[in-house]
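Please read the structure below before turning to the comments.
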Amino acid sequence: MANYTPKPSDKFTFGLWTVGNIGRDPFGSPTRKPLDPEYIVRKLGELGVYGVSLHDNDLVPIEATPAERNRMVKRFKKALEDSGVRVTMATTNLFADPVFKDGAFTNANAKIRAYALQKTLYSMDLGAELGAPTYVFWGGREGAEVDAGMNTLDAIAHYREAMNFVAEYSQDQGYGYRFAIEPKPNEPRGDIYLPVVGAALGFIATLDKPELFGLNPEFAHETMAGLNFVHAVAQAIDAGKLFHIDLNDQKMGRFDQDLRFGAENIKEAFLLVKLLEDSNYPGVRHFDAHALRTEDEAGVWEFAKGCMRTYLILKEKATRFDKDKEIQAILKAYKVQDSGLGKLSKKYTRKNAETLKAHTFDRVGLGEQGAGLERLDQLTMELLLGVR
Ligand SMILES: [Mn+2]
């Protein structure tokens, strides 16, 4: 039996807001007391966690004075030092305060857009002071319920201006951030701008310094939209844009559940872990999820341990998949090779086009051939169910 105890080298990370979630929902009050950031960091360290991420206001309340801020940061740094946990990602809370009720960077009000940018610059200072290499933008309030304001084109342009501004600021200050945009289709807004991974990839290409920007895709977010998260991550990897990842789980068609990783879609979780491991994804494995509202603090740590344990179990299953002779034989047969035709269709030359056009294909025979995917999928399930 493999050892499923997490180690820092597994690079698991959690947001302060994840294990710190107090179990509030739109219909009910908190079911848990807030936990101190220092306590969270020490506890995560004990569990073998590599890093922690934070919004500015997870550590420093929005109304704190500079002196209070410095005291809190000092205490937090001490906890990081004691626990060996590092800050792996920082981000700005541009969604909780009423000022952001109609958006931050995309707000129709120039004063609010400027305030959002100011808040972000201070938050980037904080993240840099704590050593965060990655800065995430989740535009939770960047969206609309009412499009009669005719703000969409302006909103995208303002979003771009903000991203260009923060990229210059990061370079000017020598912070060296890599920025990761986190798409989400809806919630809290009726419709959020840049709703899915593909939309964010398209947007990044329009920025002044696209090389500084990548993606922070989240399992639950693409799943809420009814999309295939593994495909979205593969496209981000292909584009060299997987800068960060938010692991959790979600039932399609529900509110944003932020379930424990692997709690719901085991096969997709397995294929995701296999994709990350096979492609040697060098980044952290960040859990953006929270314990169910039914849980007390003990349940919170069970949730955190469960996320990491499931990842490690699925990683081991991926190794077994690669070593399974029958599975590999089916895969080999599925991926039919033909060196001549393969080479011919790889790159256009006039000669290749002519040869291709002159070739006679056994269209009927090719159409009759089965792919073997029923057997492959069944064996995959049996492997996951533990009978293989
Ligand atoms: Mn997230």
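Numbering of ligands and ligand atoms starts at 1, following listing order. The analysis underlying the following values was restricted to heavy atoms, covering all of them including side chains, and did not include hydrogens, waters or symmetry mates.
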Other hydrophobic cluster members with M89, side-chain heavy atoms of Ile/Leu/Val/Met/Phe/Trp/Tyr under 4.5 Å, chained? W17, V136
Can you tell if the side chain of L47 reaches within under 4.5 Å of the side chain of K305, non-hydrogen atoms only? yes
Can you list the protein N, O or S atoms less than 2.8 Å from the Mn ion (ligand 1)? E182 OE2, E218 OE1, D246 OD2, D288 OD2
For residues 101-116, pull every pair meeting salt bridge (Lys or Arg N to Asp or Glu O under 4.0 Å), keeping only residues two or more places apart or in separate chains. D102-R189
Does a salt bridge link R254 with E264, judged by any charged N lying under 4.0 Å from a carboxylate O? no
Can you list the residues that meet the salt bridge (Lys or Arg N to Asp or Glu O under 4.0 Å) rule with D82, with sequence neighbours excluded? R42, K78
Do H244 and D246 come close enough that some side-chain heavy atom pair is under 4.5 Å? yes
